[in-house]
2 protein chains.
Amino acid sequence: MDVKTLCLAVLSQGEATGYEIKKAFEEGPFAHFQRASFGSIYPALSKLLAEGLAEAEAREQDGRPDKKVYRLTAAGRAAFHRAIGQEPEPDQLRSDVLFLLYFARELPKERVEALIDGYIASYRAQADRIEGCRAERAAAGAEIDPGKWLVSGFGVAVYRAAADYLASNRDALLRGLERPLEAAE
Amino acid sequence: MDVKTLCLAVLSQGEATGYEIKKAFEEGPFAHFQRASFGSIYPALSKLLAEGLAEAEAREQDGRPDKKVYRLTAAGRAAFHRAIGQEPEPDQLRSDVLFLLYFARELPKERVEALIDGYIASYRAQADRIEGCRAERAAAGAEIDPGKWLVSGFGVAVYRAAADYLASNRDALLRGLERPLEAAE
DNA sequence: TAATGCATGTAATCGGTTACATGATTCA
DNA sequence: TGAATCATGTAACCGATTACATGCATTA
């Protein structure tokens, strides 16, 4: 999924500025499975305009820089539907921490401890953040879109499972590092 | 983690050819959290040679093309330890399927069904694959490296959690798509 | 006979990140 | 006073993927 498609997707949910699109990938609903930087969003938005897939409206603000609000055109909506009709590429997890932990025996024990504890905390924080958003929506009695609900629930389930696995294997790892290699039971 | 560091890491486990390094990212121990293509591995290996971090030995084979077996030098080993001393970047999941599922309401029901079923199957397959490797090691009475054991266990735990979550929310999603938007309970 | 696995490498291209440039407001 | 938030954009650079080039052996 390139950034152009990602922008199309965010805009399909309603008008937005480049800045707001960035936020959608930082704290918004896409935060846990896609990302994009300013350096790719703004050029993508320009292309969308050039191709007639979006239109923009400048809005003045007092005491703030003007914002440029983008909105999909009919052609943009069609392009978005074509895009989500494509076959998805397989999931990809990139984890430097897992990579380091793989080499735990080459690392000082304190480092491994800090690494795994920080890792658990960050996964817990992610799960809490998403769960907070879900609770908010539910409490507001807002309409529940089944797709969005499933995806955010997925984030919570997976992050929790990751944190729980690490928490319950943390001590065994640390103990294992104190001894020479052992055979499996 | 760039490909050069990844190659350093694979070679720290023993000598290997470019082809074997590729396999380590496809089916090997790194498969579920890092990847690299031939187009990046071979140039990385050349750089390693040029910088004196690795040395290569050509080995003839009957009926097969010659292989070039790479091995770390002392400098290479030091470079690897410097690399794993660096602070890791945060994990990154990129999932097109989740992205599509987020827009389930814009998709035909059959497509959503195929998407989620395929997704569950691929996660189950991943978990089974890793579990197979673990069982093999354990059965062989092989030495257990605590870091490696933790990392492969992580893969199993997370993939299983993902598949289980999707399996138990699949029907609710499909049912939800048949009705107009609902309020949260 | 076609596809897959083994085996190494190059080149074009491309998408995206990082850093830079600008600037007002608000909060600590 | 310094940092963070809001806000848009450009340009250099870079890493990596894709496709290409080659070729033999085995398996279906």
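The structure presented is a predicted model; accordingly, all values stated were derived computationally and were not measured. Letters go in sequence order (proteins before strands), and every chain restarts at 1.
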Could you check A:Met1 against B:Gly18 and say which one's nearest nucleotide on DNA chain C is further toward the 5' end? B:Gly18
Both A:Lys4 and B:Asp66 contact DNA chain C. Taking the nearest nucleotide for each, which residue is further toward the 5' end? B:Asp66
Under 4.0 Å between a side-chain N/O of B:Lys22 and OP1 or OP2 of C:dC6, yes or no? no
Do B:Phe154 and A:Leu101 have side chains that get closer than 4.5 Å, going by heavy atoms? no
Side chains of B:Glu20 and B:Lys67, heavy atoms from C-beta outward: is any pair under 4.5 Å? yes
Short heteroatom pairs, N/O only, protein and nucleotides 20-28 of chain D, under 3.5 Å:
none

Near DNA chain D, which residues from residues 83-102 of chain B have a heavy atom under 4.0 Å away? none
Sub-4.0 Å heavy-atom contacts from residues 26-48 of chain B onto DNA chain D, ordered by number: B:Ser37, B:Gly39, B:Ser40
In terms of side-chain heavy atoms of A:Tyr19, which of D:dC6, D:dG9, C:dG16 is nearest? D:dC6
Minimum-distance nucleotide to B:Lys23 side chain [options: C:dG16, C:dC6, C:dA7]: C:dC6
NZ/NE/NH1/NH2 to OD/OE distance under 4.0 Å, [X] and [Y]:
| X | Y | answer |
| --- | --- | --- |
| B:Arg111 | A:Glu87 | yes |
| B:Glu57 | B:Arg71 | yes |
| A:Arg59 | A:Glu15 | yes |
| B:Lys109 | B:Glu178 | yes |
| B:Glu51 | B:Lys47 | no |

Describe, in one word, how the ring planes of A:Phe99 and B:Phe30 are oriented to each other, choosing from parallel (under 30°), tilted (30 to 60°) and perpendicular (over 60°). tilted
Which label fits A:Phe33 and B:Tyr102: parallel for a plane angle under 30°, tilted from 30 to 60°, or perpendicular past 60°? tilted
Would you mind reading off the distance between [X] atom [atom1] and [N] atom [atom2], rounded to a whole angstrom?
| X | N | atom1 | atom2 | result |
| --- | --- | --- | --- | --- |
| B:Glu57 | C:dA7 | CD | P | 15 Å |
| B:Lys67 | C:dA7 | NZ | P | 4 Å |
| B:Arg59 | C:dC6 | CZ | P | 17 Å |
| A:Gln61 | C:dA24 | CD | C1' | 11 Å |
| A:Asp2 | D:dA16 | CG | C1' | 16 Å |

Closest heavy-atom pair and its distance - B:Gly18, B:Phe38: O-CE2, 4.3 Å
Shortest non-hydrogen contact from B:Leu150 toward A:Ile116: CD2-CD1, 4.3 Å
Base, sugar-phosphate alone, or nothing: which one does A:Tyr70 contact when heavy atoms must sit under 4.0 Å apart? sugar-phosphate
Please list every donor-acceptor pair under 3.5 Å in which a side-chain atom of residues 125-135 of chain A meets a protein atom from a residue at least two apart or in another chain.
| from | atom 1 | to | atom 2 | distance (Å) |
| --- | --- | --- | --- | --- |
| A:Asp128 | OD1 | A:Arg160 | NH2 | 2.9 |
| A:Arg129 | NH1 | A:Glu27 | O | 3.1 |
| A:Glu131 | OE1 | A:Arg160 | NH2 | 2.6 |
| A:Arg134 | NH1 | A:Trp149 | O | 2.7 |
| A:Arg134 | NH1 | A:Ser152 | OG | 2.8 |

Between the two ends of the helix from C:dT1-D:dA28 to C:dA28-D:dT1, what is the bend in degrees, rounded to 10 degrees, where each end axis spans five pairs? 50°
Who pairs with B:Tyr119 by ring pair (Phe, Tyr, Trp, His ring centres under 6.0 Å), at least two apart in sequence or on another chain? B:Tyr123
Given salt bridge (charged side-chain N to carboxylate O under 4.0 Å, His left out), test B:Asp145 with A:Arg105 step by step and report yes or no. CA-CA 8 Å; B:Asp145 177 298; A:Arg105 276 184 63 242; 3.2 Å; yes
